[in-house]
Asks: 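Below are the structure tokens for one structure; questions will follow.
Order of the sequence lines sets the chain letters (A, B, ...), proteins ahead of strands, with each chain counted from 1.
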4 protein chains.
Amino acid sequence: MLNRVILIGRLTRDPELRYTPAGVAVTQFTIAVDRPFSGSNGEREADFIPVVTWRQLAETCANYLRKGRLTAVEGRIQVRNYENNEGKRVYVTEVIADNVRFLESNREGSQRDESYSGGEGYAAGGGGGGYNRPSQQQPSRNSNVDPFKDDGRPIDISEDDLPF
Amino acid sequence: MLNRVILIGRLTRDPELRYTPAGVAVTQFTIAVDRPFSGSNGEREADFIPVVTWRQLAETCANYLRKGRLTAVEGRIQVRNYENNEGKRVYVTEVIADNVRFLESNREGSQRDESYSGGEGYAAGGGGGGYNRPSQQQPSRNSNVDPFKDDGRPIDISEDDLPF
Amino acid sequence: MLNRVILIGRLTRDPELRYTPAGVAVTQFTIAVDRPFSGSNGEREADFIPVVTWRQLAETCANYLRKGRLTAVEGRIQVRNYENNEGKRVYVTEVIADNVRFLESNREGSQRDESYSGGEGYAAGGGGGGYNRPSQQQPSRNSNVDPFKDDGRPIDISEDDLPF
Amino acid sequence: MLNRVILIGRLTRDPELRYTPAGVAVTQFTIAVDRPFSGSNGEREADFIPVVTWRQLAETCANYLRKGRLTAVEGRIQVRNYENNEGKRVYVTEVIADNVRFLESNREGSQRDESYSGGEGYAAGGGGGGYNRPSQQQPSRNSNVDPFKDDGRPIDISEDDLPF
DNA sequence: TTTT
DNA sequence: TTTT
């Protein structure tokens, strides 16, 4: 009924941009969010939270975010599950972001903080601006094909998750 | 740096109240949150999100929440990981709640919505009111004992997660 | 850069649906949110927070919300200011909602919780479905006319606030 | 029942630290939050949102925040009202913060982002650390004295708002 | 596997 | 393994 997450933290690595077979951009990254208290051994711990963005927002994140950057993420928690190759059900929890704010500029001069949003409820136009987008055809929302199926390693994110 | 989640959904089962060896109450339940759009096959899907509460709030949840009840949860995302018995690292994502609102009363008459909060930053007093709490001694925050170790099945939640 | 509000409370009155001269639906209501603590004299207080919804969401709220209903509201804080008839600047703070959840059904039978969202980032289509909408023409986003100017009493909400 | 706000923006001025007659620190500042869209005339607008912090958090904000700094604020909306000297009821809306994150360090060297929280539900200790706190006595929570009454100009914030 |  |  309502599912809202807001995180501020730092990217643990550069973001990874990929495309579904239908040509929809999707970017994944992890942000490290320091916990507000120390662990049992006194050291400061962090939660490493996987974030997924789609379409235009995915391309903007891939272009502007880098490892270590302080970033704000707004979205919803999504829990996917799939059967792994040993027949065991695996649960994957991610934040599907519809708003990402770049809290640190690209260094070299003091550009303004740039920030972009989109995602859930993002206006018409399908896959976004899509410079360097490999495929022009609109992804069929009801397609049942496994997205990423051409992809080398087995990822399990699904175009079905696309809410727009 | 900032980690905030707000969910509204329904309990998939009655909550489970347990105690760490040190006597700290912890309640777990899952809430089903309907997604705001339909899946690829047209049906309405939901995310099933595990929630953990500690201390006084754990006991209140165990006493008042039941399967199917509409509930609001406020907290933070926590990602734990442990090595399973096959030596593989397993990641567990939960919402550690510090505020839970009971949006449906206990039926039979129209009681007011009751709601309780606590958790992160909850005031003094330690393990909470603790009627029917098995152990009176205060849990040592820096204890390294495996919580729940007497417990039948292997749970992997840690007292280290206790932020208060 | 980021502005997010989530409220759960009860309507203090029935919502008020109106239309701008350009035919854009706007609904206002106030929700009472109990404070999580008691005031200095021991009594429970509440904050009375004005909420504004636009377009399709405005019409849905006008149709389904009623005084006293428990309601969740998601949106952003907006601070407007205008000069009153004594030449003094007046500040008005409202929550512009883009997501409203009806946590109590319409009584008589246990209908499903219905919930609707829209607003900021709401898809194409302009003014929404708009049964009983008085004007068919699309509101010009850059119009400078005073909305509500035909309206009896002086309201000061502005079509400029329309983010979609 | 639930009232949560998260803002990211920049201070419009240096924060103002003051003390109630009972010696409780309170800091006020305004943060400017850019709207995610342009106004009717094409220019980028912002909301100017007043923020209030209490006790230890107030002192930390006064010490570390400065005009122009990018800042994240977490709290709740509070609506106060009072009668002004013309006998008219005036409504004041503020965000009572319980968590403030300093997203920009104090320049000169790359200090870590420091961030502090407290407020609602802040642990024991009363009025906070209170270096340079003028009064040592604990504020009586149920006192009915007008806070700030010694203060030059008429402010209307009330110790009754103190939720801890 | 993690960021500062 | 899931709620209405």
Asks: Side-chain N or O of B/Arg13 less than 4.0 angstrom from OP1 or OP2 on F/dT1?
Replies: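 Result: no.
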Asks: Could you tell me how far apart B/Met1 (CE) and E/dT3 (C1') are, to the nearest whole angstrom?
Replies: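 Going from CE in B/Met1 over to C1' in E/dT3 covers 11 Å.
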Asks: Looking at every strand, decide which applies to A/Tyr91 at a 4.0 Å heavy-atom threshold: base, sugar-phosphate, or nothing.
Replies: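 Base, at least one base atom sits under 4.0 Å.
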Asks: I need the CZ-C1' distance between B/Phe29 and F/dT2, as an integer number of Å.
Replies: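 That distance rounds to 14 Å.
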Asks: May I ask you to decide if B/Glu94's main-chain N or O and B/Arg80's side chain share a donor-acceptor pair within less than 3.5 Å?
Replies: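 Here the side-chain-to-backbone pair does not exist.
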Asks: Rounding to an integer number of Å, can you tell me how far B/Leu11 CG sits from F/dT4 P?
Replies: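 So the two atoms are 10 Å apart, to the nearest Å.
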Asks: Quick check: do D/Phe102 and D/Arg66 have side-chain heavy atoms less than 4.5 Å from each other?
Replies: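 No, too far: nothing below the 4.5 Å cut-off.
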Asks: Between A/Arg69 and E/dT3, is there a contact of a side-chain N or O with OP1 or OP2 at under 4.0 Å?
Replies: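 Negative; the distance criterion is not met.
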Asks: Among E/dT1, E/dT3, F/dT3, which nucleotide has an atom closest to any side-chain atom of B/Lys67?
Replies: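 Of all the options, the side chain of B/Lys67 is nearest to F/dT3.
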Asks: Scan A/Gly9 against the nucleic acid and name what it touches under 4.0 Å (heavy atoms): base, sugar-phosphate only, or nothing.
Replies: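 Nothing: the residue A/Gly9, judged by heavy atoms under 4.0 Å, touches no strand.
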Asks: Kindly compute the distance separating CG (A/Leu70) from CD1 (A/Ile31), expressed to the nearest 0.5 Å.
Replies: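 That separation rounds to 8.5 Å.
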Asks: Rounded to whole angstrom units, what separation is found between the CD atom of A/Gln28 and the P atom of E/dT2?
Replies: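 After rounding, the reported distance stands at 18 Å.
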Asks: Let me see the working for B/Ile49 and A/Val79 under side-chain contact (heavy atoms from CB on, under 4.5 Å), right down to the final yes or no.
Replies: CA-CA 7 Å; B/Ile49 302 174; A/Val79 182; 4.1 Å; yes
Asks: Would you indicate which nucleotide in E/dT1, E/dT4, F/dT3 comes nearest to any side-chain atom of A/Asp34?
Replies: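 Looking only at heavy atoms from C-beta outward on A/Asp34, the closest nucleotide is E/dT4.
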Asks: Whole-Å distance between F/dT2 P and B/Leu70 CG?
Replies: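 It is 20 Å, rounded to the nearest whole Å.
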Asks: Calculate the interatomic distance between A/Arg80 atom CZ and F/dT2 atom P; express it in whole Å.
Replies: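 Atom-to-atom, A/Arg80 to F/dT2, this comes out as 18 Å.
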Asks: Return the nearest nucleotide to the side chain of B/Arg10; candidates are F/dT3, E/dT3, E/dT1.
Replies: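 Side chain of B/Arg10 sits closest to F/dT3.
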Asks: Does any N or O in the side chain of B/Asp14 come within less than 3.5 Å of the main-chain N or O of B/Lys67, such that one atom is a donor and the other an acceptor?
Replies: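 Side chain of B/Asp14 to backbone of B/Lys67: a pair is present.
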Asks: Could you tell me the separation between the CZ atom of A/Phe102 and the C1' atom of E/dT3, rounded to a whole number of Å?
Replies: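 It works out to 17 Å between those atoms.
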Asks: Take atom CG of A/Leu65 and atom C1' of E/dT2, then tell me their distance rounded to the nearest Å.
Replies: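 Rounding to the nearest Å, CG of A/Leu65 and C1' of E/dT2 are 16 Å apart.
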